[in-house]
Amino acid sequence: MLVIKDEAKINIDYPIEKFAKKDKILYFDIETTGLSRKYCSIYLIGAMYYDDGEWMYAQWFADNYNDEANVIMAFKKFIKD
């Protein structure tokens with residue numbers, strides 16, 4: 001499994017604090033090889049979050065079919081708090 005975390009280097013002009021505090025917001029996206037839970041797998045989960053005054057992103061990428069569980073567990077650990 002490959003994990004990438006870095007500063008997003010973006011500027012959001014919309015007053016996002018109307019929804020929630022920035023440090024309580026998490027955007028995420030799940031990429032799969034298709035829509036069948038029987039034949040397809042998750043190969044990427046990406047997230048963007050606010051941390052220490054900056055927008056950050058993280059990506060968990062499955063190197064192979066067997067890495068799907070590792071990607072899911074890593075993301076679960078990331079969002080637990």
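Numbers for residues simply follow the sequence, beginning at 1.
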Tell me, with the steps shown, if L26 and I79 meet side-chain contact (heavy atoms from CB on, under 4.5 Å).
CA-CA 9 Å; L26 173 72; I79 64 171; 3.4 Å; yes
Which residues satisfy the ring-ring contact (aromatic ring centres under 6.0 Å, His included) test with F28, sequence neighbours excluded?
F75
Closest non-hydrogen atom pair between C40 and G34, with its separation
SG-CA, 3.4 Å
Tell me whether Y27 is reachable from Y50 by hopping between hydrophobic residues (I, L, V, M, F, W, Y) whose side-chain heavy atoms are closer than 4.5 Å.
yes
Write out all pairs satisfying salt bridge (Lys or Arg N to Asp or Glu O under 4.0 Å) with one or both partners inside residues 27-53, taking only residues at least two apart or from two chains.
none
Inter-residue atom distance L2.CG - I4.CD1, 0.5 Å rounding
4.5 Å
T32 side chain vs I42 backbone, donor-acceptor pair below 3.5 Å:
no
Please report, to 0.1 Å, the donor-acceptor pairs under 3.5 Å made by any side chain of residues 18-25, with sequence neighbours excluded.
residue	atom	partner	partner atom	Å
K22	NZ	E17	OE2	3.3

Please list, chain by chain and in numerical order, all residues satisfying salt bridge (charged side-chain N to carboxylate O under 4.0 Å, His left out) with K5, sequence neighbours excluded.
none
Contacts table for residues 53-65: side-chain donor-acceptor under 3.5 angstrom, sequence neighbours left out:
residue	atom	partner	partner atom	Å
D63	OD2	M1	N	3.2
N64	OD1	N66	N	2.9
N64	OD1	D67	N	3.2

Under 4.5 Å between side-chain heavy atoms, counting indirect links through other Ile/Leu/Val/Met/Phe/Trp/Tyr residues: same cluster for Y49 and V3 or not?
yes
Between N70 and I72, is there a side-chain heavy-atom distance shorter than 4.5 Å?
no
Please write out which residues are connected to L35 in a hydrophobic cluster, directly or through intermediates, given that two of Ile, Leu, Val, Met, Phe, Trp, Tyr count as joined at side-chain heavy-atom separations below 4.5 angstrom.
none
